[in-house]
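Here is the structure we will look at, set down as C-alpha cells.
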Amino acid sequence: MTAEANENKDQKKSLNFIETIIESDLETKKHDQIFTRFPPEPNGYLHIGHAKSICLNFGLSENYKGKCNLRFDDTNPVKEDVEYVESIKEDIAWLGFNWEDEIKFTSDYFEKLYDFAVKLIKSENAYVCELSPEQMREYRGTPTEPGKESPWRNRDVNESLKLFEGMKNGEFEEGKYLLRAKIDMSSPNMHMRDPILYRIRFASHHRTGDTWCIYPMYDFAHGQSDYFEGITHSVCTLEFEVHRPLYDWFIDQLADSEYRPRQIEFARLNLTYTVMSKRKLLELVEKKYVSDWDDPRMPTISGLRRRGYTPESIRNFSDKIGVARRDGFIDVALLEHSIREDLNKKADRVMGVLNPLKVIIDNYPEDSEEYLDAVNNPEDESRGKRKVPFSKELYIEQEDFMENPPRKFFRLGIDREVRLRYAYFIKCTHVVKDDKDNILEVHCTYDPESKGGKSPDGRKVKGTLHWVSAKHAIKSEVRMYDRLFTVENPQADKEKDFKDFINENSLKVVDNAMLEPHLNNAKKGEQFQFERMGYFCVDKDSTTEKLVFNRTVTLRDSWAKIKGK
RNA sequence: UGUCCCGUGGUGUAAUUGGCAACACGUCUGAUUUUGGUUCAGAAGAGUCCAGGUUCGAGCCCUGGCGGGACAACCA
C-alpha cells in the first residue's frame with residue numbers, strides 16, 4: 001500500500017510542457033507511439049548544449065516507449081564533413097543513447113524533395129527566380145516593412161519547370177537561378193516572404209558526391225524529413241519558432257493524410273562562463289588556441305569526456321536543468337555539482353602531491369619500509385583496499401605546512417602534531433632552509449604506536465594529511481584545466497573579439513607531481529579523487545605513453561575561502 | 001513602426017479544475033568525519049515585472065502597460 005502510494009507520488013512528478021503535450025497526444029490517440037529525432041548538422045563537434053537536446057529527444061522516446069532517430073541534417077555541403085558525422089555518432093553512443101534502425105541523412109531524401117519541389121511548381125506554389133543576392137535583400141523588405149514581389153514570381157509554370165530541371169542538370173552557374181516558394185511577400189513573418197527552396201552549389205557532398213548541384217534549404221528539408229520518417233514531435237530550439245508557420249505550410253502541401261509532425265520549441269542551454277557558439281569553438285580549434293575539439297578545456301562532449309565527466313553526470317545534469325520556453329543561464333556550478341555527485345560515489349581515492357615538500361621522519365629507521373592499508377573508496381566497500389608504501393622520507397603538499405600558521409590552520413607547523421592518512425601521527429621538530437629562506441626539508445618524529453592513524457592513548461589531532469613515500473612515488477604530469485571562458489554572459493557580447501573570452505590561466509601543468517606507485521597501472525579514462533585536491537582523469541599522453549592526469553573538477557574548497565577572508 | 005515568444009528567491013525548474021509559492025544548485029550555521037571532501041541537521045533568501053479588473057479567493061483568468069528575447073545567410 002505504501003509502495004503503491006510512493007509509486008503514485010513518483011508518477012505525479014510534474015511534467016514539463018513537452019511531456020504534457022505528448023501525454024495528451026497519447027491519451028487522445030492522436031498518436032499511438034511517439035517518434036522524435038535528434039537532427040545535428042555535421043559541421044562541428046557536439047557540445048554540452050547539444051547534450052540537453054540529445055537527452056530530451058532520446059529521453060522522451062525512452063520514457064514513452066517510442067522511437068528516436070539520429071538524422072544528419074546535411075543540406076549544405078560546403079560546411080559539412082564526415083569527420084563530424086563520426087564524432088557525433090561516438091558522442092551520442094557514449095552518452096548511452098540508441099537511435100532507431102540505421103542512421104538517417106537528409107541527403108537520403110534529396111530525390112523525394114526534388115519531386116516535391118516539382119509538385120509545388122506545378123501547383124503554382126513555387127517559381128524559378130533570378131534575382132541576385134543584393135536584389136533579394138532589397139526585395140525582401142525588413143521585419144517592419146513589407147517586401148515586394150519578384151518580377152519572376154508569375155513566370156509560366158512550364159518555364160519554371162524547365163529551368164528547375166536545368167538547374168538540377170548543372171546547366172547554370174551558381175547564383176543564376178533560385179527556386180522559391182510563392183507565399184506572401186508582405187507577410188509580417190520574414191520567413192513567409194517567398195522563401196528560397198533550392199540554390200545552385202557546385203560543391204561535392206560528403207555523401208552524395210557530385211550527384212547533385214542543387215541543394216535544398218533547411219526550411220525546405222527539415223519538416224519534410226520529419227514527415228518522411230513519421231516523426232510525431234519535432235523538438236527544436238526557440239530560434240526556430242518563427243519558422244514554424246513555414247514548417248506547417250510545407251507539411252500542408254505535402255501531407256495526404258491526417259498525420260502531421262509537430263514542431264515544438266524549447267530554450268537552448270546557456271551556461272554561465274561558457275561559450276557554446278559553434279563558430280567560436282571552430283575558431284578556437286582552427287587558430288590553435290586549443291589542441292583540438294576534444295581539448296579538455298572545451299565545452300564539447302568529447303572535451304568533457306577527456307576531462308573526466310561521466311555520461312551519467314551529464315544525463316543527470318540534463319534532468320536537473322529542466323525544459324522551458326524561457327531563456328536563461330544555468331549556473332555552471334550545477335554542472336560541476338553533477339559530476340562531483342557521480343564521481344564521489346565511483347572514483348577511487350588516491351594520494352598525490354602536486355607541489356612536493358620533503359618530510360623526513362628522524363626517528364624512523366633508515367632503510368626500513370612498510371606497506372599500509374588504505375581504503376579505495378569509503379563510500380563503497382566493494383572497491384577494496386590497497387597497500388601504500390611508507391618510508392623515512394616522504395612528500396607532503398607544500399600548502400599543508402606553514403611556519404607561521406593563521407588561527408584556523410589545522411595542518412602541519414612547528415611543534416604541531418598531525419596524522420598522515422592511513423599511516424602515523426607525526427610531529428614537526430624543525431625545518432631546514434636554504435639561504436633564500438625557502439624550506440627544503442621538514443623534520444618530524446613519528447609515534448610508532450599510532451600505526452594506521454590511531455593513537456592508543458586516544459589523543460586527537462586536528463589535521464590529516466595526504467602524503468607519498470619519496471623513494472616509491474611515481475613522478476607524473478598533472479594538467480589542471482579550467483573552464484576556458486570566464487565572461488559572465490558570453491552571449492551578451494556576441495561581436496566582442498572572442499580572444500577576450502580566453503582565460504589565459506585555464507591550463508596549468510605540474511610536471512613534478514608525486515603519486516602513489518599503484519597509479520602506474522591506471523587505465524586511460526579512469527577517474528580518481530586525489531585526496532583534498534579534486535577529481536582527476538587519467539589521460540595517457542599519446543606520443544610518449546606518459547601518465548598524465550587531467551583535472552575534472554576541484555573539490556569544494558572551503559580552505560581557500562578561509563584563507564581568502 | 002511590424003509579427004511572434006517569454007517574465008516566479010542569486011540561478012534553474014515546480015505549483016492539481018483559481019485555494020496561505022515547492023524542489024534543486026548556490027550561500028550561511030551547527031554536528032559527525034582518518035580528506036577543510038562526503039554525510040547529517042538547520043537557516044537566510046521570492047509574495048510571483050507593474051497597474052487595474054473578475055472572484056470569497058489570482059502566480060494561474062481578462063485588459064493595459066513595462067521589460068527581455070527571436071526574425072531582414074542563396075546557414076542550420
Side-chain angles (χ1 to χ4, degrees), chain A residues 12-16 39-41 43 73-76 78-80 106 129 131-133 136-137 140-147 174-175 177-180 187-193 195-201 214-215 217-219 221-222 236-245 265 267 270 272 278-279 317 319-338 340-341 344-345 349 351 374-375 378-379 408-411 419-423 452-454 461-466 529-535 554-563:
Chain A
K12 269 192 178 169
K13 141 188 176 320
S14 58
L15 304 176
N16 65 47
E41 182 188 15
N43 68 346
D73 219 343
D74 54 350
T75 57
N76 185 7
V78 304
K79 283 188 172 179
E80 298 154 8
T106 302
C129 181
L131 252 28
S132 69
M136 277 291 283
R137 208 175 308 129
R140 190 161 37 225
T142 70
T144 53
E145 295 164 296
E174 286 190 12
Y177 292 110
L178 289 169
L179 185 71
R180 299 176 70 185
S187 167
N189 183 336
M190 300 288 291
H191 297 276
M192 300 300 273
R193 322 244 257 232
I196 297 168
L197 269 32
Y198 273 93
R199 75 284 211 192
I200 301 171
R201 279 277 176 285
I214 54 171
Y215 291 94
M217 299 288 288
Y218 165 86
D219 284 307
H222 201 100
C236 63
T237 45
L238 238 29
E239 66 266 28
F240 292 102
E241 194 172 345
V242 283
H243 294 243
R244 187 166 11 119
E265 310 86 15
N270 292 313
T272 55
K278 251 190 202 175
R279 202 208 99 227
F317 170 71
D319 283 344
K320 280 180 231 209
I321 60 180
V323 188
R325 285 176 67 82
R326 79 180 91 125
D327 276 309
F329 275 82
I330 307 275
D331 195 333
V332 73
L334 186 57
L335 212 213
E336 298 191 334
H337 168 262
S338 302
R340 267 192 216 105
E341 183 184 45
N344 184 45
K345 289 181 288 200
R349 311 301 137 98
M351 295 195 286
V375 174
E379 312 269 319
K408 280 195 158 184
F409 187 82
F410 300 138
R411 304 181 218 170
R419 168 169 43 232
L420 293 177
R421 188 157 211 238
Y422 300 125
K454 281 188 288 272
V461 287
K462 277 192 169 173
T464 299
L465 308 188
H466 58 252
Q529 186 189 117
F530 281 25
E531 302 286 356
R532 206 195 272 123
M533 291 192 291
Y535 297 92
T554 186
L555 297 173
R556 293 176 59 178
D557 194 355
S558 322
W559 167 243
K561 281 172 215 153
I562 292 166
K563 223 163 38 170

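Letters go in sequence order (proteins before strands), and every chain restarts at 1.
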Base paired to G64(B) (Watson-Crick or G-U; both N/O distances under 3.5 angstrom): C50(B)
In A73(B), glycosidic geometry as syn within 90° of 0 or anti otherwise: syn
Sugar-phosphate only, base, or nothing, as touched by F240(A) at under 4.0 Å among non-hydrogen atoms: base
Nearest-nucleotide 5' precedence on RNA chain B, D331(A) against R137(A): D331(A)
Touch class at under 4.0 angstrom, heavy-atom based, for M533(A) against every strand present: nothing
Sugar-phosphate, base or nothing in reach of Q529(A), heavy atoms under 4.0 Å: base
Sugar-phosphate, base or nothing in reach of V78(A), heavy atoms under 4.0 Å: nothing
Touch class at under 4.0 angstrom, heavy-atom based, for R419(A) against every strand present: base
Touch class at under 4.0 angstrom, heavy-atom based, for T554(A) against every strand present: nothing
Sugar-phosphate only, base, or nothing, as touched by H243(A) at under 4.0 Å among non-hydrogen atoms: base
A44(B) and G26(B), which share atom name C1', separated by this distance in whole Å: 13 Å
Under-4.0 Å side-chain N/O to phosphate OP1/OP2 contact, R411(A) with U35(B): no
Touch class at under 4.0 angstrom, heavy-atom based, for T75(A) against every strand present: sugar-phosphate
Under 3.5 Å on both distances, the Watson-Crick or G-U partner of U55(B): none
G2(B) phosphate, OP1 or OP2, under 4.0 Å from R193(A) side-chain N/O: no
Sugar-phosphate, base or nothing in reach of N76(A), heavy atoms under 4.0 Å: sugar-phosphate
Touch class at under 4.0 angstrom, heavy-atom based, for E41(A) against every strand present: sugar-phosphate
Atom-pair distance (CG on L238(A); C1' on G68(B)), nearest Å: 12 Å
Residue mapping more 5' on RNA chain B - nearest nucleotide basis, A333(A) or I321(A): I321(A)
R325(A) vs U13(B): side-chain N/O to OP1/OP2 distance below 4.0 Å: no
Mutual orientation of the aromatic rings belonging to H243(A) and Y218(A) [parallel < 30°, tilted 30-60°, perpendicular > 60°]: perpendicular
Residue E241(A), side-chain heavy atoms: nucleotide from A24(B), C4(B), A76(B) that is nearest: C4(B)
Check: T464(A)/R419(A) side-chain N/O donor and acceptor closer than 3.5 Å: yes
Partner nucleotide of U32(B) by Watson-Crick or wobble geometry (both distances under 3.5 Å): none
Sugar-phosphate, base or nothing in reach of G328(A), heavy atoms under 4.0 Å: sugar-phosphate
Phosphate OP1/OP2 of G37(B): any R421(A) side-chain N/O under 4.0 Å: no
For nucleotides 47-50 of chain B, which of its nitrogen or oxygen atoms have a protein nitrogen or oxygen under 3.5 Å away, and what is each distance?
none

Any strand: nucleotide that pairs with U17(B) via Watson-Crick or wobble, under 3.5 Å: none
Residue-phosphate contact under 4.0 Å: R326(A) side-chain N/O, U8(B) OP1/OP2: yes
G2(B): pairing nucleotide in any strand, Watson-Crick or G-U under 3.5 angstrom: C71(B)
Sugar-phosphate, base or nothing in reach of R140(A), heavy atoms under 4.0 Å: sugar-phosphate
Sugar-phosphate, base or nothing in reach of H466(A), heavy atoms under 4.0 Å: nothing
Nucleotide nearest P133(A) when distance is taken to its side chain, options U35(B), A70(B), C74(B): C74(B)
Sugar-phosphate only, base, or nothing, as touched by K454(A) at under 4.0 Å among non-hydrogen atoms: base
Whether F410(A) stacks on the six-membered ring of G36(B) base, 5.5 Å and 30° limits: yes
Base-pairing assignment for C23(B) (Watson-Crick or G-U wobble, both under 3.5 Å): G12(B)
Polar side-chain contact E379(A)-U39(B) base: donor and acceptor under 3.5 Å: no
Any R532(A) side-chain nitrogen or oxygen under 4.0 Å from OP1 or OP2 of U38(B): no
